Amino acid sequence: MIYLIVANQIMEVLTDMDEALEQARHYAPEVGDITVADVATGRKLIVTADGRTETMDANIRAVNR
């Protein structure tokens, strides 16, 4: 399952990563940054309000430096 998370609340549950990214890019300009979390693979992406996608791992590594 793939979760769209806004402000630490699950907004929607999907099963396809491409669909999840499309939905996140659609909603992000209205609600702000959205985290797309795939529980099967542990992959987390952040879709920013301008539609760009960043990996969560890169952000965590940058903070820890």
Side-chain angles (χ1 to χ4, degrees):
M1 292 206 288
I2 300 167
Y3 298 104
L4 296 182
I5 303 168
V6 177
N8 293 327
Q9 300 229 347
I10 295 174
M11 180 176 164
E12 194 167 347
V13 177
L14 302 164
T15 56
D16 181 56
M17 182 60 100
D18 292 331
E19 181 183 4
L21 289 173
E22 182 180 321
Q23 289 290 330
R25 286 188 180 113
H26 174 76
Y27 290 120
E30 299 169 15
V31 297
D33 294 353
I34 297 177
T35 302
V36 180
D38 185 346
V39 296
T41 63
R43 183 177 179 200
K44 292 182 182 176
L45 302 171
I46 298 172
V47 177
T48 61
D50 61 1
R52 293 186 354 195
T53 303
E54 301 174 12
T55 62
M56 186 72 113
D57 293 338
N59 289 334
I60 291 171
R61 281 194 301 266
V63 168
N64 290 334
R65 288 187 183 171

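FYI, the numbering just counts along the sequence from 1. Since the model is a prediction, treat every value here as computed from it, not as a measurement.
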### Message
Checking R43 against M17 for the side-chain contact (heavy atoms from CB on, under 4.5 Å) test, could you report, in this order, the C-alpha distance in whole Å, the side-chain angles of both residues, the deciding distance, and whether it holds?
### Response
CA-CA 10 Å; R43 183 177 179 200; M17 182 60 100; 4.1 Å; yes
### Task
Kindly determine whether V36 and L4 satisfy side-chain contact (heavy atoms from CB on, under 4.5 Å), including the steps that lead there.
CA-CA 5 Å; V36 180; L4 296 182; 3.6 Å; yes
### Query
Going through the checks in order, is the side-chain contact (heavy atoms from CB on, under 4.5 Å) test met by I5 and I34?
CA-CA 6 Å; I5 303 168; I34 297 177; 5.9 Å; no
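Of all non-hydrogen atoms in D33 and A49, the two that sit nearest each other are OD1-N, 3.2 Å. M11 and V6 make their closest contact through SD-CG2, 3.4 Å (heavy atoms, listed as atom of the first residue, atom of the second, distance). Closest of all the heavy-atom pairs between L14 and E19 is CD2-OE2, 3.8 Å.
When the side chains of ILVMFWY residues are joined at heavy-atom separations under 4.5 Å, either directly or via intervening members, Y27 and Y3 end up in two distinct hydrophobic clusters. Residues V13 and I46 do not share a hydrophobic cluster, defined by chaining ILVMFWY side chains whose heavy atoms lie under 4.5 Å apart.
The structure places CG of L45 at 7.0 Å from OG1 of T55, a figure rounded to the nearest 0.5 Å.
Residue Q9 places its CD atom among 12 or fewer non-hydrogen atoms of other residues, nucleotides or ligands, all under 6.0 Å distant. Sparse packing is recorded around CD of E22, with 12 or fewer heavy atoms of other residues, nucleotides or ligands lying under 6.0 Å away.
Between T48 and E54, the closest side-chain pair of non-hydrogen atoms falls below 4.5 Å.
Using a 3.5 Å distance cut-off with no hydrogens or angles, the side chains of R25 and T53 do pair a donor with an acceptor.
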